[in-house]
J.: 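Structure provided below as structure tokens; questions to follow.
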Protein chains: 2
Amino acid sequence: MKIGALAKRTGLTAHAIRYYERIGLLPYADRNQSRHRDYDASILTWIEFLGRLKTTGMPIRDMLRYAALREEGAGTEAERRALLERHRERVRAQVDELNACLLVLDTKIDGYVETEQRKTDDDYTPVQVRRKPA
Amino acid sequence: MKIGALAKRTGLTAHAIRYYERIGLLPYADRNQSRHRDYDASILTWIEFLGRLKTTGMPIRDMLRYAALREEGAGTEAERRALLERHRERVRAQVDELNACLLVLDTKIDGYVETEQRKTDDDYTPVQVRRKPA
DNA sequence: CTACGGGTTCGAGCGCGCTCTAAGTCAAGA
DNA sequence: TCTTGACTTAGAGCGCGCTCGAACCCGTAG
């Protein structure tokens, strides 16, 4: 699989894929006779996982640490696990924070809904004075 | 309240507060005789709300749009509401995506836990062969 | 009087994560 | 044979959201 095909399958640009290889996030890819990168399908799993880390806000420097441990292979599992567990905690906190923000947004939006209802009342039922004034 | 005090209360730097005013995210603040900004406590509510928008990933240019509508005052409520509703949808989607990522993280971490357990078994019970081999 | 700890403006600089350009190589199809 | 289009490398550039430095202005305490 060449870089263009991989780009299509992952949603990354070919430029981004080369950049990731350059900084060490992706392993150095095999080249064919024309010096073009030739990827094995197994890279897809790794790129997908990197995407998860990115989605959850992990900075590239931390992904690099994880990638380096992965390259090192056996013996680094405990550290990889610890890294992911710390990250998981941050993501959980992030989700909690977002949910709190959603409540605030709901309240704010409800406020505007009420404003519009008052306006609608003014426009369409201006003669109708307060209910039960007596 | 001067800028330093406001900075302390909001967690922003004084530099950031000035920057926000410059770009129009904060209204132009009153100055005292020494040309120093003098804030009313009411600004805190607005800054806090901006913080929510930021936390939820709204880009500054969208906050600027919202801030501009707010400055315009009455008559812009429907658009402000629509803006926040669109944003709320994006945030909900974001939360869903993060939760999906959390599941993947859990799986990955479980994998490492099992790896470590196998290793522990090797280290401490190497003589003990499979249970019930007979 | 002077030193200090605020504040002011203006504009440059920075860290992140790509993104794009330039100049060249290569393989396949018309 | 020539063109097309996808690839190569090296390195410059960019958009975002601040962050910081320079040079200067105040007011108050010692």
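Values reported hereafter were calculated over all heavy atoms of this structure, with side chains retained and with hydrogens, waters and symmetry mates removed. The chains referred to below are lettered A, B, ... by the order of the sequence lines, with proteins before strands, and numbering in each begins at 1. Predicted, not measured: the structure shown is a model, and the values here were computed from it.
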J.: Side-chain donor-acceptor pairs under 3.5 Å in residues 68-79 of chain B, sequence neighbours left out?
T.:
| from | atom 1 | to | atom 2 | distance (Å) |
| --- | --- | --- | --- | --- |
| B/Thr76 | OG1 | B/Leu69 | O | 3.0 |
| B/Thr76 | OG1 | B/Gly73 | O | 2.7 |
| B/Thr76 | OG1 | B/Arg80 | NE | 2.9 |
| B/Thr76 | OG1 | B/Arg80 | NH2 | 2.9 |
| B/Glu77 | OE1 | B/Gly75 | N | 2.8 |
| B/Glu79 | OE1 | B/Arg65 | NH2 | 3.3 |
| B/Glu79 | OE2 | B/Arg65 | NE | 3.3 |
| B/Glu79 | OE2 | B/Arg65 | NH2 | 2.3 |

J.: Please classify the nucleic acid contact of B/Arg61 as base, sugar-phosphate, or nothing, using heavy-atom distances under 4.0 Å.
T.: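 The residue B/Arg61 makes sugar-phosphate contact but no base contact.
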J.: For A/Arg31, check side chain to side chain donor-acceptor pair (under 3.5 Å) against everything at least two apart and list the hits.
T.: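 Listed in chain order: A/Glu21.
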J.: Take atom CZ of A/Arg31 and atom P of D/dC7, then tell me their distance rounded to the nearest Å.
T.: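 Going from CZ in A/Arg31 over to P in D/dC7 covers 13 Å.
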J.: If you fit an axis to the five pairs at each end of the helix from C/dC1-D/dG30 to C/dA30-D/dT1, how big is the angle between those two axes, to 10 degrees?
T.: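 The two end axes of the helix from C/dC1-D/dG30 to C/dA30-D/dT1 meet at 20°.
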J.: Between B/Trp46 and B/Leu25, is there a donor-acceptor pair closer than 3.5 Å when you use the side chain of the first and the backbone of the second?
T.: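 Yes; at least one donor-acceptor contact below 3.5 Å.
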J.: Assign each of B/Ala14 and A/Met58 to its nearest nucleotide of DNA chain C by heavy atoms, then name whichever residue's nucleotide is nearer the 5' end.
T.: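 Closest to the 5' end, via its nearest nucleotide, is B/Ala14.
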J.: Please list, pair by pair, any protein nitrogen or oxygen found under 3.5 Å from a nitrogen or oxygen in nucleotides 18-20 of chain D.
T.:
| from | atom 1 | to | atom 2 | distance (Å) |
| --- | --- | --- | --- | --- |
| D/dC18 | OP1 | B/Lys54 | NZ | 2.9 |
| D/dC18 | OP2 | B/Tyr20 | OH | 2.8 |
| D/dC18 | O5' | B/Tyr20 | OH | 3.4 |
| D/dC20 | N4 | B/His15 | ND1 | 3.4 |

J.: Need two values: the first and the last nucleotide of DNA chain C, 5' to 3', having an atom under 4.0 Å from any heavy-atom of chain B.
T.: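 Here the contact window of chain B covers C/dG7 to C/dG11.
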J.: Is any side-chain N of the basic residue among B/Arg37 and B/Asp30 closer than 4.0 Å to the acidic one's carboxylate O?
T.: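 No, this pair does not count.
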J.: Does A/Asp38 pair with A/Lys2 as a salt bridge, N-O distance under 4.0 Å?
T.: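 Between A/Lys2 and A/Asp38 there is no salt bridge, as every charged N stays at least 4.0 Å from the carboxylate O atoms.
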J.: Could I get the full list of salt bridge (Lys or Arg N to Asp or Glu O under 4.0 Å) partners for A/Arg90, not counting sequence neighbours?
T.: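 Checked A/Arg90 against salt bridge (Lys or Arg N to Asp or Glu O under 4.0 Å); zero matches.
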J.: Quick check: do A/Leu50 and A/Tyr66 have side-chain heavy atoms less than 4.5 Å from each other?
T.: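 In short, these two side chains do not touch, never coming nearer than 4.5 Å.
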J.: Any side-chain N or O of A/Arg37 under 4.0 Å from OP1/OP2 of D/dT8?
T.: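 So the side chain of A/Arg37 is within the cut-off, an N or O lying under 4.0 Å from OP1 or OP2 of D/dT8.
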J.: Which residues pass the side chain to side chain donor-acceptor pair (under 3.5 Å) test with B/Asn99, not counting sequence neighbours?
T.: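 Side chain to side chain donor-acceptor pair (under 3.5 Å) list for B/Asn99, sorted by chain: empty.
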J.: Determine whether B/Asp40 and B/Met1 make a side-chain contact, defined as any pair of heavy atoms from C-beta on separated by less than 4.5 Å.
T.: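 Side chain of B/Asp40 against side chain of B/Met1, heavy atoms only: no contact under 4.5 Å found.
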J.: Tell me the interatomic distance from A/Ile3, atom CD1, to D/dG5, atom C1', rounded to whole angstroms.
T.: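 That distance rounds to 15 Å.
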J.: Check nucleotides 26-30 of chain D against the protein and report each pair of N or O atoms closer than 3.5 Å, with its distance, or say if there are none.
T.:
| from | atom 1 | to | atom 2 | distance (Å) |
| --- | --- | --- | --- | --- |
| D/dC26 | O3' | B/Ser34 | OG | 3.2 |
| D/dG27 | OP1 | B/Ser34 | OG | 3.2 |

J.: Sequence neighbours excluded, which residues qualify as side chain to side chain contact (heavy atoms under 4.5 Å, CB included) partners of B/Ala14?
T.: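 Side chain to side chain contact (heavy atoms under 4.5 Å, CB included) list for B/Ala14, sorted by chain: B/Ile3, B/Arg18.
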J.: Could you pull out all donor-acceptor pairs under 3.5 Å where a side-chain atom in residues 55-63 of chain A meets a protein atom, sequence neighbours excluded?
T.:
| from | atom 1 | to | atom 2 | distance (Å) |
| --- | --- | --- | --- | --- |
| A/Thr55 | OG1 | A/Gly51 | O | 2.9 |
| A/Thr56 | OG1 | A/Arg52 | O | 2.8 |
| A/Thr56 | OG1 | A/Leu53 | O | 2.8 |
| A/Thr56 | OG1 | A/His87 | NE2 | 2.8 |

J.: Check side chain to side chain contact (heavy atoms under 4.5 Å, CB included) between B/Ser34 and all other residues, then give those that pass, not counting sequence neighbours.
T.: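 For B/Ser34 the side chain to side chain contact (heavy atoms under 4.5 Å, CB included) partners, ignoring immediate neighbours, are B/Asn32, B/His36.
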J.: What residues form a ring-ring contact (aromatic ring centres under 6.0 Å, His included) with A/Tyr112, not counting sequence neighbours?
T.: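 Checked A/Tyr112 against ring-ring contact (aromatic ring centres under 6.0 Å, His included); zero matches.
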